[in-house]
Amino acid sequence: MNTTQSGTQSGTQHETQHETQHETQHETQNNTEQHAYFTLSGDVNSDMVRRVFNVVADITEDKLTTAHILIQSNGGYVSDGICLYNFLSKLPFDIITYNAGAVASIAVTLFLSGRHRHASDTARFMVHKSHATASPGSRPDALSIIVEGLRADDMRTERILRGQVNLTEEQWQVHAYSDLHLTADQALEVGMIESIRDFAPPKGKRLTNI
């Protein structure tokens, strides 16, 4: 009698453990399936904005929980970078951004749209003030308009930078007058990234180039 009960209990425990393992494997598979992997490179401009909009439009109906985006860019237009920052940071799924080489200028603002951010140990970042080239023979009033526009751009980008990154006073001083370069270790120290980690899509997952 006791032997029968013990055998029944053992069988029930075995079935429960098997069901639990199956559910865990199923959840892990679903979690993996809900992650998508992308690469995004080139100038930050209206064409990049269009490409990102198109890709996001294609995936919003999917049961996506996380988008991993590797960014490689030396910058571009301030307004386009700010647009992408505001757009990506408000999407109804997590954005994880990666730097495997170089993210510079307004591309850093784009990079900061990630809720989680990582960089390879040999990657670098560069931030600086806005700049423009005036046409030869430009009148003073035209130059004044250009300067005011640059100041407005700097206010917008610095607001985002200060909200996301804890640069030292010395680094802010460099940023005020020159290019500020950060290694992956330095980016980790100031909170630009949360870890030094390579972009490494799992085997069998589709990689989409935006």
Side-chain angles (χ1 to χ4, degrees), residues 18-127 160-161 164-165 182-185 187-188 191-210:
H18 179 74
E19 290 174 357
T20 301
Q21 290 175 353
H22 179 73
E23 289 174 358
T24 302
Q25 291 173 351
H26 183 68
E27 289 175 0
T28 301
Q29 183 178 2
N30 283 342
N31 289 338
T32 303
E33 290 176 351
Q34 292 171 345
H35 287 234
Y37 296 82
F38 305 90
T39 54
L40 177 62
S41 63
D43 294 339
V44 179
N45 54 26
S46 59
D47 181 65
M48 178 182 282
V49 172
R50 177 187 57 79
R51 283 156 33 211
V52 171
F53 283 178
N54 287 342
V55 167
V56 172
D58 290 338
I59 65 176
T60 48
E61 294 183 0
D62 298 336
K63 294 180 180 179
L64 186 68
T65 62
T66 307
H68 301 256
I69 306 176
L70 170 63
I71 298 172
Q72 172 70 18
S73 175
N74 287 316
Y77 292 97
V78 172
S79 291
D80 291 320
I82 291 177
C83 172
L84 288 174
Y85 169 84
N86 288 326
F87 176 66
L88 292 173
S89 62
K90 302 302 188 299
L91 289 175
F93 47 82
D94 286 344
I95 299 291
I96 301 179
T97 52
Y98 299 80
N99 177 2
V103 173
S105 191
I106 193 59
V108 173
T109 300
L110 164 60
F111 179 84
L112 292 174
S113 65
R115 180 170 297 181
H116 304 286
R117 304 183 293 267
H118 311 285
S120 300
D121 60 356
T122 51
R124 69 172 181 85
F125 296 88
M126 188 276 285
V127 291
I160 293 171
L161 191 61
Q164 298 277 1
V165 180
L182 298 173
T183 64
D185 287 329
L188 182 62
M192 188 170 286
I193 60 174
E194 64 181 51
S195 76
I196 296 177
R197 180 190 305 176
D198 290 322
F199 177 76
K203 184 178 180 180
K205 290 295 294 184
R206 179 181 178 182
L207 179 62
T208 301
N209 183 37
I210 299 176

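Positions are given from 1 along the sequence.
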Write out all pairs satisfying salt bridge (charged side-chain N to carboxylate O under 4.0 Å, His left out) with one or both partners inside [range], taking only residues at least two apart or from two chains.
range           : result
residues 97-106 : none
residues 36-52  : Asp47-Arg50, Asp47-Arg51
residues 92-108 : Asp94-Arg115

Q.
Quick test of your reading: applying ring-ring contact (aromatic ring centres under 6.0 Å, His included), list the pairs with at least one residue in residues 88-109, sequence neighbours left out, ordered by first then second residue.
A.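 Listed once each, the pairs are His68-Tyr98, Tyr98-His118, Tyr98-Phe199.
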
Between atom [atom1] of [X] and atom [atom2] of [Y], what is the distance when rounded to the nearest 0.5 Å?
X      : Y      : atom1 : atom2 : result
Leu207 : Leu70  : CG    : CG    : 8.5 Å
Thr97  : Phe111 : OG1   : CZ    : 4.0 Å
Thr65  : His35  : OG1   : NE2   : 4.0 Å
Leu112 : Leu161 : CG    : CG    : 6.5 Å
Ile82  : Ile106 : CD1   : CD1   : 5.0 Å
Leu84  : Ile69  : CG    : CD1   : 9.5 Å

Q.
Is any side-chain heavy atom of Leu110 closer than 4.5 Å to one of Leu40?
A.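 With C-beta onward as the side chain, the pair touches.
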
Q.
With a 3.5 Å distance limit and no angle check, can you tell me whether Gln72 reaches the backbone of Asn99 through a side-chain donor-acceptor pair?
A.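 Side chain of Gln72 to backbone of Asn99, a donor-acceptor pair under 3.5 Å: no, none is there.
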
Over all atoms of both residues, closest heavy-atom pair of [X] and [Y]:
X      : Y      : value
Ala184 : Ile193 : O-CD1, 3.5 Å
Leu88  : Ile95  : O-CG1, 3.5 Å
Val44  : Ser73  : CG2-OG, 3.6 Å
Asn45  : Tyr77  : CB-CD1, 3.8 Å
Ser105 : Asn74  : CB-O, 3.7 Å
Ala187 : Leu182 : N-CB, 4.4 Å

Q: Could you name each residue pair satisfying side-chain hydrogen bond (donor to acceptor under 3.5 Å, both in side chains) that touches residues 80-89, not counting sequence neighbours?
A: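 The answer is Tyr85-Gln164.
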
Q: Going by the side chain to side chain contact (heavy atoms under 4.5 Å, CB included) test, name the single residue among Arg197, Arg117, His116 that passes it with Ile96.
A: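 Testing Ile96 for a side chain to side chain contact (heavy atoms under 4.5 Å, CB included) against Arg197, Arg117, His116 leaves exactly one candidate, His116.
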
**Q.** Under the side-chain hydrogen bond (donor to acceptor under 3.5 Å, both in side chains) test, residues paired with Asn209 that sit two or more places apart
**A.**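 Only Thr39 meet the side-chain hydrogen bond (donor to acceptor under 3.5 Å, both in side chains) criterion with Asn209.
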
Q) Can you name the side chain to side chain contact (heavy atoms under 4.5 Å, CB included) partners of Phe53, sequence neighbours left out? A)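 Applying side chain to side chain contact (heavy atoms under 4.5 Å, CB included) to Phe53 gives Val49, Cys83, Phe87.
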
Side chains of residues 120-127: which donor-acceptor pairs under 3.5 Å do they make with residues two or more places apart or in other chains?
| unit_1 | atom_1 | unit_2 | atom_2 | d |
| --- | --- | --- | --- | --- |
| Ser120 | OG | Asp198 | OD1 | 2.6 |

